Amino acid sequence: NNILFRITEATNKFKEMKNLPDKYKNECEYYISQAKEEYLDKKNKFIAMEKDLKSFKLENKLEREEVSTNYPLIFISLLIFVIILESVINATFFAKADDLGLLGGFTNAVIISLINLAAAFFVIILYRYKNNIKLSKIKKDLYYICISILILGISFFHLLIGHFRDALSIDPENAYKISINNFMNTPFELMTFESWLLISVGIILFLFLILDLKSFKDPYPGYTEIMKRYEKEKYQLDNLKLKILDDIKNEEELIEKESK
């Protein structure tokens with residue numbers, strides 16, 4: 001191992017220097033001893049983490065590399081942008097039929113956007129967990145059923161929102177009651193084209209949210225989490241190596257100057 005060789009080499013070099021004061025020599029040897037101990041401790045943690053990753057891949061029959069976004073901030077920004085965009089678009093549809101105008105429309109739109117986000121989030125969670133190879137066929141089928149129910153549920157939710165928008169233009173005070181009655185009696189009959197646009201926008205952006213959230217983590221449950229822990233340990237070990245090598249080099253240069 002290159003770094004252990006450099007630590008041993010530096011230790012021997014300090015011991016052989018006759019002109020180096022004992023106090024300074026002891027300080028250097030103590031630092032190197034501590035650095036070696038810290039390196040070995042970090043290396044053991046990395047090796048243990050590497051074994052955990054290999055065991056995870058073996059147990060779950062994963063031969064491919066982990067797939068997730070390397071730019072989470074971009075996707076988070078995109079997520080926020082979609083929510084704001086949906087809220088603004090929906091607000092314009094609601095504003096025309098809401099007594100409070102744009103303010104009332106925006107309030108309703110934000111609530112709808114958050115429900116859309118929550119539904120998309122749960123779809124992705126179910127989608128990831130149904131990929132677990134340890135699940136029985138019955139459990140996997142249950143996950144598929146739950147995903148289908150969620151998608152169908154959000155579709156009917158947006159259909160209800162379309163009826164709510166129509167009801168606001170008729171009787172704002174009883175809009176909730178009217179929209180539910182109309183939805184139960186004639187679910188696919190809406191009064192205005194704007195209401196159909198409202199439904200379409202909601203469903204399209206819901207699907208877009210699913211695609212955006214899907215990119216955050218690997219499709220297989222737990223793979224991204226264990227890979228991130230492995231990468232963190234590797235990053236810390238690599239940084240520690242560079243720091244120790246750099247410190248040893250600086251100490252050697254300083255000692256050479258002092259000994260002249």
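What you see is a predicted model, and the numbers here were worked out from it, not measured in a lab. Numbers for residues simply follow the sequence, beginning at 1.
- Criterion: ILVMFWY side-chain heavy atoms under 4.5 Å apart, direct or through other members. Under it, I204 and I210 are not part of a common hydrophobic cluster.
- A donor-acceptor pair under 3.5 Å links the side-chain atoms of D218 to the main chain of V67, judged by distance alone.
- The closest side-chain heavy-atom distance from T224 to K228 is below 4.5 Å.
- When every heavy atom of A119 is checked against every heavy atom of L150, the shortest pair comes out as O-CD1, 4.2 Å.
- Taking every heavy atom of both residues into account, A35 and I244 meet most closely at O-CD1, 3.5 Å.
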Would you please test L207 and L211 for side chain to side chain contact (heavy atoms under 4.5 Å, CB included) and show each step?
-> CA-CA 6 Å; L207 295 174; L211 292 175; 5.8 Å; no
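- Applying the side chain to side chain donor-acceptor pair (under 3.5 Å) test to residues at least two apart or on different chains, the pairs with a partner in residues 146-164 are N116-H158.
- Cluster annotation: I124 is connected to F121 through the hydrophobic network of ILVMFWY side chains, with a link wherever side-chain heavy atoms come within less than 4.5 Å.
- Rounded to the nearest 0.5 angstrom, D41 CG and L237 CG are separated by 10.5 Å.
- Pairs of residues two or more places apart, or lying in two chains, that qualify as salt bridge (charged side-chain N to carboxylate O under 4.0 Å, His left out) and include a residue from residues 141-160 are K137-D141.
- The two residues Y223 and L62 make their nearest non-hydrogen contact at CD2-CD1, 3.8 Å.
- Using a 3.5 Å distance cut-off with no hydrogens or angles, the side chains of T192 and D166 do pair a donor with an acceptor.
- Residues Y235 and D238 are not in side-chain contact: their nearest non-hydrogen atoms beyond the backbone lie 4.5 Å or more apart.
- For the pair F216 and S68, the minimum side-chain heavy-atom distance is 4.5 Å or more.
- In this structure, CG on L213 lies 6.0 Å from CG on L117, to the nearest 0.5 angstrom.
- Listed here is the closest heavy atom pair of A167 and S179: CB-N, 3.9 Å.
- Atom-to-atom distance recorded for L159:CG and I154:CD1 is 12.0 Å, nearest 0.5 angstrom.
- Remark: the backbone N or O of L242 is not paired with any side-chain donor or acceptor of D246 at under 3.5 angstrom.
- Residues I203 and L152 are members of one and the same hydrophobic cluster, defined by side-chain heavy-atom contacts under 4.5 angstrom among Ile, Leu, Val, Met, Phe, Trp and Tyr.
- Inter-residue side-chain proximity for I161 and L198 is flagged as met; some heavy-atom pair is nearer than 4.5 Å.
- The salt bridge (charged side-chain N to carboxylate O under 4.0 Å, His left out) analysis of residues 206-217, with sequence neighbours excluded, yields the pairs K217-E225.
- When hydrophobic residues (I, L, V, M, F, W, Y) are linked wherever their side-chain heavy atoms come within less than 4.5 Å, the members clustered with M191 are I170.
- Tracing side-chain contacts under 4.5 Å through hydrophobic residues (I, L, V, M, F, W, Y), one never reaches L126 starting from I145; they form parts of separate clusters.
- Across all non-hydrogen atoms, the minimal contact from G162 to L190 is C-CD2, 3.7 Å.
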Let me see the working for F157 and I112 under side chain to side chain contact (heavy atoms under 4.5 Å, CB included), right down to the final yes or no.
-> CA-CA 9 Å; F157 168 74; I112 293 168; 4.1 Å; yes
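- Atom CG in L79 sits 13.5 Å away from atom CD1 in I74 (nearest 0.5 Å).
- Counting heavy atoms from C-beta outward, K232 and Q236 have side chains that approach closer than 4.5 Å.
- Residues forming a salt bridge (Lys or Arg N to Asp or Glu O under 4.0 Å) with E233 (at least two apart in sequence, or on another chain): K42.
- Surrounding CZ of F56 are more than 12 heavy atoms belonging to other residues, nucleotides or ligands, all under 6.0 Å away.
- The structure places CZ of F206 at 8.0 Å from CG of L209, a figure rounded to the nearest 0.5 Å.
- Side-chain contact between K243 and N239 is absent, with no heavy atoms from C-beta onward closer than 4.5 Å.
- Sorted by first and then second residue, the pairs that involve residues 50-63 and meet side chain to side chain donor-acceptor pair (under 3.5 Å), not counting sequence neighbours, are N60-Y220.
- One hydrophobic cluster, built from ILVMFWY side chains closer than 4.5 Å, holds both L240 and L40.
- Annotation: I138, atom CD1; neighbour count of heavy atoms from other residues, nucleotides and ligands within 6.0 Å does not exceed 12.
- For the pair Y127 and Y143, the minimum side-chain heavy-atom distance is 4.5 Å or more.
- From L160, atom CG reaches atom CZ of R165 across 14.5 Å, with rounding to the nearest 0.5 Å.
- No close placement of the F183 and F164 rings is indicated, their centers lying 6.0 Å or farther apart.
- Counting heavy atoms from C-beta on, the side chains of I226 and Y230 never come closer than 4.5 Å.
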